[in-house]
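Report on one structure; see the data block that follows.
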Amino acid sequence: MIILKDNENIFDNKNLCLVPTMGALHEGHIALINAAKKTEQEVIVSIFVNRLQFNDDLDFKNYPRDIEKDISILNRLNIEYAFFPDEEYMFPESGFDKLDAGNLGKKYEGNSRPGHFDGVITVVNRLFELIAPKTAVFGAKDFQQLFLINKMILEKKYNIKLIENKTVRNNSGLALSSRNHHLSKKGIHQASFIFKSLNAAKDEFIKTYNTIDAVKVGTDILIENNIDLDYFEILDHKTFSPPKSTTKNFIIIVAAYVEGIRLIDNIQFKVRATK
Ligand code: PAF
């Protein structure tokens with residue numbers, strides 16, 4: 001594995017699959033990297049804790065970092081490149097493109113974390129400029145992020161194929177996240193009710209086609225388990241907006257706090273035409 005701090009022009013004319021990460025690698029990232037390896041392109045994993053996507057400075061400072069462990073995981077996975085740029089290189093004083101995630105970037109996750117998605121698409125765009133990958137892999141857990149990156153790719157006419165990788169969960173259904181490091185054992189158990197709430201809302205929606213009832217079934221489970229809710233929404237999967245009568249592909253998204261830690265998750269499903 002070659003470890004790089006800048007692009008040194010070695011990525012030119014390469015057939016690369018990029019897995020962007022902020023480090024603190026866990027099974028979820030390993031699944032992304034394994035999906036990248038399946039492309040049979042050369043795999044490059046970037047590790048960069050992106051200050052621009054943290055609206056809270058303390059959250060940025062407390063974000064788990066363990067470079068030694070990350071490198072040993074990447075070595076074991078036998079990938080071609082690890083990219084560890086520093087802040088000056090990613091965001092040079094001479095200037096870089098600061099992108100705006102638009103209206104959709106201000107909703108749901110973006111409503112609670114102002115500027116978050118502007119920061120995400122700015123850094124991902126910068127990585128795309130520096131690395132020019134053919135494909136890039138992102139996890140389905142951060143679906144709004146995936147949606148906005150896809151939109152950015154279309155708008156900027158990048159010839160980059162996005163691979164959406166299924167959310168990796170522990171035995172009780174909790175989506176793996178670097179933030180889970182901050183939870184106690186009890187918190188991990190409590191947090192498993194987030195995925196249960198999504199499943200219950202999905203089942204209710206498939207039975208009744210009633211968004212309000214389905215959201216209530218889901219959020220009741222969170223309330224019963226002392227989980228503080230931020231949002232719980234049923235959306236059209238294609239438009240990431242409230243569903244229409246013609247919607248067939250749905251996504252339910254949730255953000256909630258367990259032991260003060262913000263966790264997000266979603267579930268995607270299809271429903272045959274209602275009538
Ligand atoms: O999903 C993440 O870990 C980050 O948002 C990403 C895509 C690496 C950009 O910093």
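Reckoned from all heavy atoms, side chains included, excluding hydrogens, waters and symmetry mates. Start at 1 and go down the list; that is how both ligands and their atoms are numbered.
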Side chain to side chain contact (heavy atoms under 4.5 Å, CB included) between Ile253 and Tyr231, intermediate numbers included: CA-CA 8 Å; Ile253 56 169; Tyr231 60 77; 3.7 Å; yes
Which residues satisfy the side chain to side chain contact (heavy atoms under 4.5 Å, CB included) test with Lys157, sequence neighbours excluded? none
Using a 3.5 Å cut-off on N/O to N/O, what pairs does ligand 1 make with the protein? A line per pair would be great.
from: ligand 1; atom 1: 1 (O); to: Gln145; atom 2: NE2; distance (Å): 2.8
from: ligand 1; atom 1: 5 (O); to: Gln53; atom 2: NE2; distance (Å): 2.9
from: ligand 1; atom 1: 5 (O); to: Gln145; atom 2: OE1; distance (Å): 2.7
from: ligand 1; atom 1: 10 (O); to: Gln53; atom 2: OE1; distance (Å): 2.6

Any cation-pi pair here, Lys98 with Phe96, using under 6.0 Å and within 45°? yes
Look up atom CG in Leu198 and atom NZ in Lys202, then write down how far apart they are to the nearest 0.5 Å. 10.0 Å
Taking ring-ring contact (aromatic ring centres under 6.0 Å, His included) as the test, write out the residues that go with Phe195, two or more places apart. none
Can you tell me which residue pairs pass the side-chain hydrogen bond (donor to acceptor under 3.5 Å, both in side chains) test with a partner in residues 257-268, sequence neighbours excluded? Glu109-Arg262, Glu164-Gln268, Arg169-Asp265, Ser184-Glu259, Asp230-Arg262, His237-Gln268, Tyr257-Arg262
